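Please see the structure below; I have some questions.
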Amino acid sequence: MSGYFLPVGLLLAFLTAWLAPEPGRLLQQAGLVPWMVVTIFLINGYQTVLSQMPLSGKLWTTALIAVLINLLISPFLGLATASLLALPSAAAIGLIVTATVPSTLSSGIVMTQLAEGDGIKALFLTILLNLLGVFTIPFLLPVVLENAGSLDLSPWPLLKQLLIIVLLPFVLGMLGRRILQLSPRHWLIRYLPSSCVVVTVWMSVSASSETLKEISLPLIGGMIVAALLLHGALLLLCLGSRHLYQPQRGEWIALLFTASQKTLPVAVGVLAALNQPIGVALVACILFHFMQLLVDSMLAARLARTTAG
């Protein structure tokens with residue numbers, strides 16, 4: 001049931017924003033989108049136990065490869081994909097922002113476990129990528145967007161924004177675990193981050209509803225193709241990297257799903273910080289999210305069968 005909560009919630013958010021955009025538009029104008037991201041990372045920090053992190057063996061090599069692929073190479077793959085398909089400016093911004101943000105907060109770990117990979121190492125890579133992403137996004141995104149001819153962006157306001165809405169809540173969440181007695185597996189803790197993603201998308205789509213009604217089917221098709229190309233390229237890099245060294249099977253599966261996926265909440269938070277109309281760009285981010293879940297669920301099932309065989 002929990003696996004369907006986010007995709008079904010996103011579809012309902014789109015439908016509600018399309019039919020009755022005014023409530024969501026008012027909440028977006030009140031500045032609630034960044035607070036949703038804050039809540040997500042507050043909970044993510046609360047769920048994290050550093051003592052569980054397996055800081056030994058070849059994991060640091062795996063971590064370095066994950067950082068190279070997910071944070072440093074991916075933004076330029078996003079630029080190349082947008083240029084190859086000649087995406088319009090707004091769609092290109094959405095794809096590039098998606099390519100620049102770090103790994104998903106939960107689905108990469110879930111896919112790793114479904115594929116019989118090492119879930120603890122996937123958790124470590126997820127935390128590392130999201131924390132380092134706070135510092136890579138503000139400096140890589142302006143470079144890539146400038147090359148795309150889309151925006152002239154200063155890194156410092158974006159760095160300040162990410163420190164406030166990502167890093168600080170994460171640290172506070174970790175500290176809060178020592179005070180509060182609520183179990184990290186409590187239903188509220190498990191569903192609140194996904195609920196915040198759904199509400200964020202609802203508000204953002206509501207604010208851009210007029211723009212979204214003008215999106216053509218060929219443009220939607222182009223964004224789907226772009227998402228598949230980008231995610232496919234990241235998967236191939238992860239698969240190819242295992243020939244550079246000899247990681248355990250569970251570890252490279254963790255690398256495969258964490259370094260190739262991209263987090264929707266941070267992408268939405270970054271788009272909101274750009275102070276630009278984000279309707280079409282937001283659709284590009286959401287389509288990438290759906291495509292990566294579709295592809296990776298099939299890949300995880302195949303890897304699980306291979307392991308069982």
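Computed from heavy atoms alone, side chains included, the values below leave out hydrogens, waters and symmetry copies. Everything numeric in this text was worked out from a predicted model, so none of it was measured.
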Handout entry: Non-hydrogen side-chain atoms of V33 and M36 separated by less than 4.5 Å
Key = no
Handout entry: Test side chain to side chain donor-acceptor pair (under 3.5 Å) applied to S194 - qualifying residues, sequence neighbours left out
Key = none
Exercise for the section: Could you grab the distance from atom CG of L282 to atom CG of L287, nearest 0.5 Å is fine? Expected result: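 Between atom CG of L282 and atom CG of L287 there are 9.5 Å.
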Practice task
State, yes or no, whether a side-chain contact exists between F257 and I109 at a heavy-atom distance under 4.5 Å.
Solution key: no
Handout entry: Distance-only side-chain donor-acceptor flag, K262 / S74, under 3.5 Å
Key = yes
Practice task
Go through the steps for L256 and L299 under the test side chain to side chain contact (heavy atoms under 4.5 Å, CB included), then give the verdict.
Solution key: CA-CA 10 Å; L256 179 68; L299 181 58; 3.7 Å; yes
Exercise for the section: Write out all pairs satisfying ring-ring contact (aromatic ring centres under 6.0 Å, His included) with one or both partners inside residues 199-239, taking only residues at least two apart or from two chains. Expected result: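 Output for this query lists H231-F288.
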Practice task
Compare every heavy atom of V280 with every heavy atom of A91, then report the nearest pair and how far apart it is.
Solution key: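 Minimum heavy-atom contact is N-CG1, 3.8 Å.
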Problem - V97 versus A267, closest heavy-atom pair with distance - result: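 Looking at all heavy atoms of both residues, the shortest contact is CG1-O, 3.8 Å.
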Exercise for the section: Please name all residues satisfying side chain to side chain donor-acceptor pair (under 3.5 Å) with Q261, sequence neighbours left out, ordered by chain then number. Expected result: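 Q261 satisfies side chain to side chain donor-acceptor pair (under 3.5 Å) with T104, S107, D296 only.
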Handout entry: Heavy-atom side-chain contact between S195 and T39 under 4.5 Å
Key =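 Side chain of S195 against side chain of T39, heavy atoms only: no contact under 4.5 Å found.
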Practice task
Is it possible for you to say whether L77 and V143 belong to one hydrophobic cluster, with membership spreading through side-chain heavy-atom contacts below 4.5 Å?
Solution key: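 In one cluster: no.
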Practice task
Look at atom CG of L19 and say whether more than 12 heavy atoms of other residues, nucleotides or ligands are closer to it than 6.0 Å.
Solution key: yes
Handout entry: Inter-residue atom distance L87.CG - I93.CD1, 0.5 Å rounding
Key =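 Interatomic distance, L87 CG to I93 CD1, rounded to 0.5 Å: 11.5 Å.
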Problem - Flag, side chain of D118 to backbone of G250, donor-acceptor distance under 3.5 Å - result: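 No, because the side chain of D118 does not come within donor-acceptor range (under 3.5 Å) of the backbone of G250.
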Handout entry: Validation row: L264, T98 side chains within 4.5 angstrom (heavy atoms)
Key = no
Handout entry: Non-hydrogen atoms of A226 and L95 that approach each other most closely
Key =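 Closest heavy-atom pair between A226 and L95: CB-CD2, 3.8 Å.
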Exercise for the section: Could I get the full list of side chain to side chain donor-acceptor pair (under 3.5 Å) partners for T263, not counting sequence neighbours? Expected result: none
Practice task
Report yes if some heavy atom in the side chain of F170 is under 4.5 Å from a heavy atom in the side chain of L131; otherwise report no.
Solution key: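 Side-chain contact under 4.5 Å: yes.
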Practice task
Verify side chain to side chain contact (heavy atoms under 4.5 Å, CB included) between L274 and L271, making sure each step is shown before the conclusion.
Solution key: CA-CA 5 Å; L274 298 181; L271 285 175; 4.1 Å; yes
Practice task
State plainly whether one hydrophobic cluster holds both I120 and M174, where clusters connect Ile, Leu, Val, Met, Phe, Trp and Tyr through side-chain heavy atoms under 4.5 angstrom apart.
Solution key: no
Exercise for the section: Group every Ile, Leu, Val, Met, Phe, Trp and Tyr by side-chain heavy-atom contacts under 4.5 Å, then state whether I164 and F135 land in the same group. Expected result: yes
Practice task
Could you go through the side chain to side chain contact (heavy atoms under 4.5 Å, CB included) check for S297 and L293 one step at a time?
Solution key: CA-CA 6 Å; S297 61; L293 291 182; 5.9 Å; no
Exercise for the section: Enter the distance from W252:CH2 to C238:SG here, rounded to the nearest 0.5 Å. Expected result: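 The CH2 atom of W252 sits 10.0 Å away from the SG atom of C238.
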Completion exercise
Rounded to the nearest 0.5 Å, the CG atom of L235 sits from the OG atom of S260 at a distance of 4.0 Å
Practice task
Find out whether E22 and S206 are in side-chain contact, i.e. whether some heavy atom of one side chain is under 4.5 Å from a heavy atom of the other.
Solution key: no
Practice task
Please list, chain by chain and in numerical order, all residues satisfying side chain to side chain donor-acceptor pair (under 3.5 Å) with Q246, sequence neighbours excluded.
Solution key: none
Exercise for the section: Indicate the atoms forming the closest heavy-atom contact of I137 with P142, along with that distance. Expected result: O-CD, 3.8 Å
Handout entry: Neighbour count >12 (heavy atoms, 6.0 Å) for atom CD, Q248
Key =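 Incorrect, the count does not exceed 12.
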Problem - Side-chain cluster (under 4.5 Å, hydrophobic types only) that L182 belongs to, other residues - result: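 Members other than L182 - counting any ILVMFWY side chain reachable under 4.5 Å - are I43, Y46, L180, I189, L192.
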Problem - Separation between CG of L27 and CH2 of W35, rounded to the nearest 0.5 Å - result: 15.0 Å
Handout entry: Side-chain touch V166/N130, heavy atoms, less than 4.5 angstrom
Key =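 They are not in side-chain contact.
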Exercise for the section: Please check if L68 and L236 belong to a single hydrophobic cluster, counting links between Ile, Leu, Val, Met, Phe, Trp and Tyr side chain heavy atoms closer than 4.5 Å. Expected result: no
Problem - 4.5 Å side-chain heavy-atom contact, Q161 and V270 - result: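 SC-SC contact between Q161 and V270 ruled out.
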Practice task
Kindly work out whether a path of hydrophobic side-chain contacts (I/L/V/M/F/W/Y, heavy atoms less than 4.5 Å apart) joins L132 to W60.
Solution key: yes
Handout entry: L167 and F41: CA distance, side-chain angles, deciding distance, side chain to side chain contact (heavy atoms under 4.5 Å, CB included) verdict
Key = CA-CA 8 Å; L167 186 59; F41 279 93; over 6 Å; no
Handout entry: Over all atoms of both residues, closest heavy-atom pair of L85 and G222
Key =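 Heavy-atom minimum between the residues: CD1-O, 3.8 Å.
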Completion exercise
Smallest heavy-atom separation, S209 atom then R25 atom, equals OG-NH2, 3.2 Å
Problem - Distance in Å, R242 CZ paired with L255 CG, rounded so as to fall on 0.5 Å steps - result: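 Interatomic distance, R242 CZ to L255 CG, rounded to 0.5 Å: 10.5 Å.
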